[in-house]
2 protein chains.
Amino acid sequence: MGSRWGINRTVGQIYALLYISGRPLPADEIAEALSFSRSNVSMGLKELQSWRLVRLQHLPGDRREHFSTPEDVWQIVRILAEERRRREIDPTLSVLRDLLLKKPGNEDERAIQHRLQEMHDLIELLTRWSEDVQRLETQQLTQILRLGAGIIRLLDLKNSLPLLGAKRRPAQSPPGDSTPDEAALAGEGMDDD
Amino acid sequence: MGSRWGINRTVGQIYALLYISGRPLPADEIAEALSFSRSNVSMGLKELQSWRLVRLQHLPGDRREHFSTPEDVWQIVRILAEERRRREIDPTLSVLRDLLLKKPGNEDERAIQHRLQEMHDLIELLTRWSEDVQRLETQQLTQILRLGAGIIRLLDLKNSLPLLGAKRRPAQSPPGDSTPDEAALAGEGMDDD
DNA sequence: TGGTCTGTTCAGAAAAGTCTGAAAGATTAA
DNA sequence: TTAATCTTTCAGACTTTTCTGAACAGACCA
C-alpha cells in the first residue's frame, strides 16, 4: 500500500518489519529478513529517519545501530501528519499565497485568483484543524473521532444554549490554541487528501 | 505537488488547468495549452474520470467532449476521500482482518497480531470518522473544522452536564449514523496518512 | 599498526513508469 | 455510402526511480 504514498515499496517493507517485530533491529537483520542488499537497507533507514518514523538506538554489548518504530500508533499518525504538512502542504500554500498577492490584470485573472483563493482557504482550514487536534491527548482525540458526525449534536446544543458557551472556564484548551469558532474567516491548512 | 500523491505530474497538470480555467475544456485545447500529445491527454482524462474528478459534458453546437471539475472545493475533498478509501484503505483493512482471524501459533505471533490489531483499529477509527463527517453539509463541516481543538471544550461541557445529553432530540444526525460516543470500542477506518 | 566490524556513498544495471506517433474505432453530416 | 472530425489504443522510445555491488570511511581493539 505504501507505494501509492510517496514512500517506496522497499522503505514500506522495512518500516512494516520494524513495526511488527516490536523490538529494535540492526540493519543486517533487516537486509537478511527481507532479502535486500545491505546498501538498500541503509538508504531506506536513512529515509525513514528523515521522516522521523524510526529511532536509532544502541543496545548494550552490541556495536551495531538498532532501529525501532514508536510504540504508540497515534504517535505515528502525528509524525506523519506533521512531516507531510512541512514537506508538501506548507510549500504549496506558500506558492498559492504568492500568486494571490499579484494584481489581477484582467477579468480572467481575477476569476482564476478567486479559484486559487478557495483552494488556499480549504487547505488552510484543513491543516489548521489537523494541527490543532493533533496536539490533544490521545484519549481526547479518540473521544472526538468516536463521536464522528454525532459532534453536530453537540454544536446544536451549544447553539441552542449560547449563554453556557460564554461563561465557561477557558483553561481547558491547549496553549497556542485560539478560539476561532464562528469568528475566523479564511481557513489555513490541509490534511491529506 | 500531485506527483507525491499517487497521481502523476501530467494528470495533475490537466486537473489544475481544468480547475483554474473554470469552464469545460475539450481535449485538444488541453493538449495545446500544456504541450502534451493528444494521446497523453486522452489517457490523463481517462484516469481523472476513473477517480470521478472530472465530468464529461457536451456543449451545444460542438461535437467534442468537454471536461470540467466540480465547482465546490468541498465536493473535491469528498470525492478524493471516498475514492482513496475504496481503493486503498478498504483493501488494506480487509487484509489486516484476514490476518487477525488466523490462530496465533506461538507467543511471537500473538504479539504480532496485537500490533496488527492496533493498526487496524486506528485505521478503522479514522476512516469511520471521515466517512461520517463527510456526509455533513459543507456549512456544518466548516463549522466543526473552524472550532479545531476548541471542540474539546464542548466535550467537557457535555460531560459536565450529562443530563442534557440524554434528553435532546435525536433527529439531527444523518441517516446511517450510529451513536457511538463512548460506546464503540474497535474503530474502523482511516483517513489519509 | 593492521585487522575486523559497521555504516555510507556512488556508478551503473535493472525495473518501473511515462509519453508519443501511428493506426484503428466511433460518431456525425452530407 | 464517404468524408470529416474526434477519441482511443498500443508498441516501443524515452525518462525516472530503484536497487545493487564494490569501494571507501570511521570506530574499535589487539
Side-chain angles (χ1 to χ4, degrees), chain A residues 1-18 21 23-69 83-84 87-88, chain B residues 1-18 21 23-69 83-84 87-88:
Chain A
M1 169 175 167
S3 49
R4 286 282 113 198
W5 272 90
I7 241 173
N8 80 41
R9 180 197 189 67
T10 318
V11 175
Q13 284 180 266
I14 295 174
Y15 188 74
L17 177 64
L18 289 175
S21 91
R23 66 181 173 96
L25 295 180
D28 51 355
E29 278 188 40
I30 298 173
E32 190 184 9
L34 301 174
S35 311
F36 295 158
S37 73
R38 185 64 188 65
S39 52
N40 199 359
V41 171
S42 175
M43 283 173 152
L45 287 171
K46 214 103 208 267
E47 180 156 358
L48 286 170
Q49 279 178 284
S50 85
W51 279 85
R52 295 184 297 142
L53 284 171
V54 298
R55 221 183 31 245
L56 185 150
Q57 278 169 289
H58 284 281
L59 264 54
D62 195 330
R63 241 170 67 192
R64 296 172 301 177
E65 293 174 332
H66 289 64
F67 298 87
S68 61
T69 63
E83 286 291 325
R84 285 194 94 105
R87 296 172 183 227
E88 296 165 16
Chain B
M1 170 173 166
S3 49
R4 287 280 113 196
W5 272 89
I7 241 173
N8 80 43
R9 177 195 192 67
T10 318
V11 175
Q13 283 179 265
I14 295 175
Y15 189 74
L17 177 64
L18 290 175
S21 93
R23 67 183 173 95
L25 295 179
D28 50 355
E29 278 188 38
I30 298 172
E32 190 184 8
L34 301 175
S35 312
F36 295 159
S37 73
R38 185 64 188 66
S39 52
N40 198 359
V41 172
S42 175
M43 283 172 154
L45 288 170
K46 210 107 208 263
E47 180 157 358
L48 286 170
Q49 280 179 285
S50 84
W51 279 85
R52 296 184 296 141
L53 284 171
V54 299
R55 219 182 35 242
L56 185 150
Q57 278 169 289
H58 283 281
L59 264 54
D62 195 330
R63 237 170 71 194
R64 296 171 301 177
E65 294 175 329
H66 289 63
F67 298 86
S68 61
T69 62
E83 286 292 324
R84 286 195 92 105
R87 295 172 182 225
E88 296 165 13

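By convention in this document, chain letters (A, B, ...) are assigned in the order of the sequence lines, proteins followed by strands, and residues within each chain are numbered from 1. All values reported here derive from a predicted model rather than from experimental measurement.
Glu32(A) CD: 12 or fewer foreign heavy atoms inside a 6.0 Å radius. Residue-environment remark: CD (Gln49(B)) exceeds the threshold of 12 foreign heavy atoms within 6.0 Å.
Mapping Met43(A) and Glu65(A) onto DNA chain C by nearest heavy atom places Glu65(A) closer to the 5' end of the strand.
Remark: Lys46(B) is not in phosphate contact with dT7(D), judged by side-chain N or O atoms under 4.0 Å from OP1 or OP2. Close to dT16(D), at under 4.0 Å from its OP1 or OP2, lies no side-chain N or O of Asn8(B). Under 4.0 angstrom from either OP1 or OP2 of dC19(D) there lies at least one side-chain N or O belonging to Thr10(A). For dG7(C), one of the phosphate oxygens OP1 or OP2 lies less than 4.0 angstrom from a side-chain nitrogen or oxygen of Arg38(A).
dT8(C) atom P lies 13 Å from atom CG of Leu48(A), rounded to whole Å. What separates NE2 of His58(B) from C1' of dC6(D) is a distance of 11 Å, to the nearest Å. Spacing between atom CZ of Phe36(B) and atom C1' of dG21(C) amounts to 17 Å, rounded to whole angstrom units. At whole-Å resolution of the value, CD1 in Ile30(B) and C1' in dC6(D) are 14 Å apart. At whole-Å resolution of the value, CG in Leu45(A) and C1' in dT9(C) are 15 Å apart. Counting to the nearest Å, the P atom of dA22(C) and the CG atom of Asn40(B) are 16 Å from each other. Put simply, CZ on Arg64(B) is 18 Å from P on dA4(D), counting in whole angstrom units. The distance from atom CZ of Arg63(A) to atom P of dC5(C) is 8 Å, rounded to the nearest whole Å.
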Validation: residues 34-43 of chain B side-chain donor-acceptor distances under 3.5 Å, sequence neighbours left out:
unit_1	atom_1	unit_2	atom_2	d
Ser37(B)	OG	Ser39(B)	OG	3.2
Ser37(B)	OG	Asn40(B)	N	3.1

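Rounding to the nearest 0.5 Å places CZ of Arg55(B) at 11.5 Å from CG of Leu18(B).
Helix-axis bend for the helix from dT1(C)-dA30(D) to dA30(C)-dT1(D): the local axis fitted to the five terminal pairs at one end deviates from that at the other end by 10°, rounded to 10°.
No side-chain heavy atom of Phe67(A) sits under 4.5 Å from any side-chain heavy atom of Leu25(A). For the pair His58(B) and Glu65(B), the minimum side-chain heavy-atom distance is below 4.5 Å.
In terms of polar N and O atoms assigned as donor or acceptor, the side chain of Ser37(B) never comes within less than 3.5 Å of the base of dG21(C) in a complementary pairing. Contact of Ser42(A) with dG7(C) (side chain to base): no donor-acceptor pair of N or O atoms is detected under 3.5 Å.
When each of Leu53(A), Leu45(A), Val54(A) is checked for a side-chain contact (heavy atoms from CB on, under 4.5 Å) with Ile14(A), only Leu45(A) meets the rule.
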